[in-house]
Structures are given as structure tokens and as C-alpha cells.
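Let me begin by presenting the structure, written as C-alpha cells, before commenting on it.
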Amino acid sequence: MSSQLEVLNRWVDDVARLTQPDRIHWCDGSEAERDRLTALMLERGDLIRLNPDSHPNCFLHRSDPRDVARVEHLTFVCTRDREDAGPNNHWMDPAEAHAKIDALFAGSMRGRTLYVVPYCMGPIDSPYARCGVEITDSPYVVANMRVMTRMGAQALARIERDGRFVKGLHSTGELDPDRRFIMHFPEELTIKSYGSGYGGNALLGKKCHALRIASWQARDEGWLAEHMLIVGIRNPAGRTRYVAAAFPSACGKTNLAMLIPPKGHREAGWEVFTVGDDICWMQPGPDGRLWAINPEAGFFGVAPGTSAKTNPNALAMLDRDAIFTNVAVTADDRPWWEGLDAGTPAFDWQGRPFDPANGPAAHPNSRFTVPIKACPSVSPEVDNPAGVPIDAIVFGGRRESLVPLVMEARDWRHGVLLGAAMASETTAAATGAVGVVRRDPMAMKPFCGYNFADYFAHWLSMPSRATRLPRIFHVNWFRKGADGRFLWPGFGENLRVLEWIVGRCDGSAGAVETPVGLLPRRQDLNLAGLDLTAAQVDALLTVDAEGFLAEYQAIGDYLGEFGARMPRELRDEHARVLAALAGAVDRGRARQVVNG
Ligand code: OXD
Ligand code: MN
């Protein structure tokens, strides 16, 4: 059998024959290599140096204005059997997809350098980590992959040991939206991405490998690859519990992962540790618990809205060694975005003198790339090859109405339904309309590499693989009052909800049963020092059975779209909740205020 390095060499040769690069560079991940690439990008205008006094070693990249977000309509899962990709994915026959995209790759690297980027997703010595190699013609992608993954010589050595790796081929092509595809071939452990330089389309270790391909591998191997942050919460007694939380893109995962406790909690001894802000791989451990690693080594976070109020920890790590994409700049070359308290924009994200008539100064999906180690709240466990044990899984969406602040599933099966029933208002992280409610089960709509019906069945199979599974919760920070203002203060105050969640895990926090799950009463939440009226708390903790009945009917329609493949267990669970809601409405409990 040939070694993985031979396999890799042969693949690089094949790709070079197809794409015709002028040069081939094997990335070793060293600082010298990074410095050479940075100098090259500065010379080519791919990067602009930001103010070296206020922001040492920080750079700005301005993308093509037509290339600023993930392109879900051009993202395909190419399986032999269309049903394996499911109605939740765009599908193309693998042979047709290869032919279509290879025609675009033909000669696409002429005049360019082909970079070979070996990377490891997860701590380099973790049994849960997985490796890949991205071939790209974009030095910007190489620079970002160096921050976001364990990239270079160590990864190459591990690939040789592992005996397998995911192949990712990327070219920015012409950056023409009409010549753009992001294609996944899970059966071949292969990704091909053409025509975009944007993070989620081009940093192939992230969404393409760590979610779409990994979710497929996880199903085959009995683990979970999820769109979740991982956070450690230490209570005043010194016990740290780990929570994994799934929210759709641009719904505050980075802020929650780096939360700073409110003053009273800080003084009482609460502390929060960041393990990851976007992706979580969880494996059943020998103790029956789920153990999680963050496959990434950096953050690719949304800049707008990041401020001293919303996320002081993020702000503190953004003044050195950061790559910014599509933010605005001040007259003295500092990065700027909407929501920042200090400074005023002189140039917008496209480099034009700032004029509010052109829209926001920073693109709403402008980003920062920084190493996780730069985060003041980074967990001491971030490199632990064994991962961290997860006590609670939290699902959440952006919902103006109906969905209460927090609820707990009564058991794992109900929790899977809560995840499957998730819906959220869309954001700028993907192209398309913003603010429209769409079903986004487990925040995986854009990222699950296979049929959602099989994915839910896989989730439902976890009790047979792990005996001490986490409790499952659902939260909604985005509830609005009749005046259109958010009811819940959010940000650091979200710790109050996490306190209840860990209290449930400890067995110390109370709850009331409702048809949609267990909710805290006012006295079960620590609201001390918060300026909330009783009416606001009631609104946050009310179950509107009539409204939920309509919601669950819509959820039933959605689950029905997957036909007979949808697991019976989930349909039964849905029927149980629907019947409980109908019963509550019949008994005249159309609105259950849990305090009342
Ligand atoms: C991301 C996304 O970049 O979800 O994390 O779009
Ligand atoms: Mn994400």
C-alpha cells in the first residue's frame, strides 16, 4: 500500500496538471513563511497594513464586492444517491459535478502559485482530530488557514500516521459569481471550491471539512460534528461545567463563547472560559459522557456589533496580529465597524471615502481572523487532546416573538425535537434576504453534509452510544416587546440563563413543566440587579400554547417534507407535543404564564 505522502504527491501532481500553476509551494506553517506571504500580499495590494502603533501586525483585506458571504445556492453535496444528500442540500451527480468544476479549474492557476496547505482540525495529538490538505492559489486563504487550523509540518506528519486525509481543492478563479461552485463529495472525502475567496467558501477546513464532510464521517463513526460554540462555566464553588451551543450564523455565538459575567456574578466568583466559538466535535468517551474538541485554532468572527459592551474580550484581542476583511478604516488607519464606540470611518469597506448614502461603512458580514490563544478568556483546556466533557447542549435562534427565553427538554428525544424544530431570522452571513424566518435545525441547515432525516436518526441513536448524555435546552435572546425593543438585555446578562442551565445539571434549579418543555419560574432565575419589570419577565417566560400550536403544525409540515425517511421516533415525539398543546388550548390554558 502506498504511503499517504505518495497519495498526496500524486494528487498535487494531478491538480498541477489540471490547473497549470507557475509555481508550487508546500506550506510548513512557519513564521518565516507567514512573513514572506504577508510581504507578497502587501506588495500585490491583497492586504493593507493597519496603524502599526495602535494595531501592530494587523492587516485589512478588501474582497471583491461580489464575494462577501457564503453562497448557499452554489453549495452542493454530491453523493451517488440523491436521497443521501436529502432535500436540505443542493445535490449534483458526482461525475457531473467533477466535470463541471474541473472545467473551471482547467488552467485557472496560470501565472499563480499553487499552495499545498496540510492542516489538522483539532489538537494535533487528539484522537478526535482529523486532517486535511487544502490546495489553493490564494495567499489570503493560506494566511487565514494558518490562524484557523494547526497548519504545516506537524499536520503533514500526522497525515502520514493517520493514513487518510480530506482533499480540498480551491481556486479563486475570476471571482465571478456566475463561475462559482462549492462542491462536496463526502464519499470521496473531497471538496472542490471555485470562484470565491470568502472564508466559509474558501477556508476549506471550516464549514466544508469540519461540518459538511465531518458530519458525514461522524455519522459513520458514531460521533457528532456540530455548528456549536463550547464554553466552560465555573460556579463560585469552583466546579466547571461545559456547554455546547448551536445558533445560526451571526446570532452571537462568538459573544456567548467569550461572555464576561455581570458584576454581581463576577464578584460572587463566576468565571467563563472559551473553548470554541463555531464548531464542536463530540465523541462518546469511556465514561459515557460526550467529550468535545474545538476543531479550529482561531476565530473568524463577525466584526459589526463587536464592542466594549457586547464583547470586551473580542475587542481586547483585535488590536494585534489580526486579519480584518471588509471592515472600514479611520483616517489614521484603524479598523472600524458599526457598533464600535470609538473613532469614525474615513473609508468604507470598498475603500471609498465614507458616505452614509452608500450604506454601512463596514460590510455587515465583515470579519476578523485571530488565534484563539489571543482571547483573554481562552480555556486552559483548549489544547487538551481528550477534549472537555459536555453537560448541556443549548439550541437557540433569533425569534422576535413566541419563543420563550429558555426551556429545557424533558429528555434526549424531546431535545432532538427542540433542535430539529429550530427556526431563525436570516442574517448577513449568507447571501440572500435578511430577517426572514427559516427552519434551521440545530443551526445546521447550511452545513449538514447529508439528509436531515438521517441526521436526526443519528442524533436519536446517541443514547445507545453514550449513557451520560448532556441535558438539552433551547434559548432565545432576541424576543421583542410590543414597542419593538428587545425584552432581554442579552450579552453578559445571558450568564443568568446559563446559571439556571448549570443549576439544572446540578439538580439545584427549579422548573415548571409546560407542553413545550420545562421553564424556570421567575424565582428560579437569578435576576438580581436587572432592571426588568414583572410584565417583561412574564412575557419572557410565557408559553403561548395557541401560537405554539400553529408553530408545531408548521414544524410537522417541515418534518413531513422528508417523507418516510424521517425517523418514526421523531414523528411520535412531535405528535406528543402537538397533542399536549392542543390539550392545553382545550383546557383554556392558551397562555401559560409560568409564574402564575
Ligand atoms: C460562520 C458562519 O462564518 O456560520 O461561522 O457563516
Ligand atoms: Mn458559523
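All ligand and atom numbering here is 1-based and tracks the order in the structure.
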Between side-chain atoms of residues 392-404 and protein atoms elsewhere (two or more places apart, or another chain), which donor-acceptor pairs fall under 3.5 Å?
| unit_1 | atom_1 | unit_2 | atom_2 | d |
| --- | --- | --- | --- | --- |
| Arg398 | NH2 | Ala250 | O | 2.9 |
| Arg399 | NH1 | Glu551 | OE2 | 3.0 |
| Arg399 | NH2 | Glu551 | OE1 | 3.2 |

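Between Arg438 and Glu72 a salt bridge is recorded (basic side-chain N to carboxylate O distance below 4.0 Å). Lys309 has no carboxylate O lying under 4.0 Å from a charged side-chain N of Asp341, or vice versa, which leaves the two without a salt bridge.
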Ligand 1 N/O to protein N/O, distances under 3.5 Å:
| unit_1 | atom_1 | unit_2 | atom_2 | d |
| --- | --- | --- | --- | --- |
| ligand 1 | 3 (O) | Arg367 | NH1 | 2.9 |
| ligand 1 | 3 (O) | Arg367 | NH2 | 3.3 |
| ligand 1 | 4 (O) | Lys207 | NZ | 2.9 |
| ligand 1 | 4 (O) | His227 | NE2 | 3.4 |
| ligand 1 | 4 (O) | Ser249 | OG | 2.5 |
| ligand 1 | 5 (O) | Lys207 | NZ | 2.9 |
| ligand 1 | 5 (O) | Asp278 | OD1 | 3.1 |
| ligand 1 | 5 (O) | Asp278 | OD2 | 3.1 |
| ligand 1 | 6 (O) | Arg70 | NE | 2.9 |
| ligand 1 | 6 (O) | Arg70 | NH2 | 3.2 |
| ligand 1 | 6 (O) | Ser249 | OG | 3.2 |

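Protein atoms that are N, O or S and lie under 2.8 Å from the Mn ion (ligand 2) are these: Lys207 NZ, His227 NE2, Asp278 OD1.
Between Asp348 and Arg62 the shortest heavy-atom distance is O-NE, 3.9 Å.
For Ser307 (side chain) and Thr310 (main-chain N/O), a donor-acceptor pair under 3.5 Å exists by modelled atom type.
Every residue two or more places apart in sequence or in another chain that forms a salt bridge (Lys or Arg N to Asp or Glu O under 4.0 Å) with Glu221 is listed here: Arg130, Arg164.
Relative orientation of the Trp459 and Tyr455 rings is perpendicular, given thresholds of 30° and 60° on the angle between their planes.
For the pair Leu204 and His209, the minimum side-chain heavy-atom distance is 4.5 Å or more.
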Please test Thr172 against Tyr140 for side-chain hydrogen bond (donor to acceptor under 3.5 Å, both in side chains), starting from the C-alpha separation and ending with a verdict.
-> CA-CA 10 Å; Thr172 50; Tyr140 165 80; over 6 Å; no
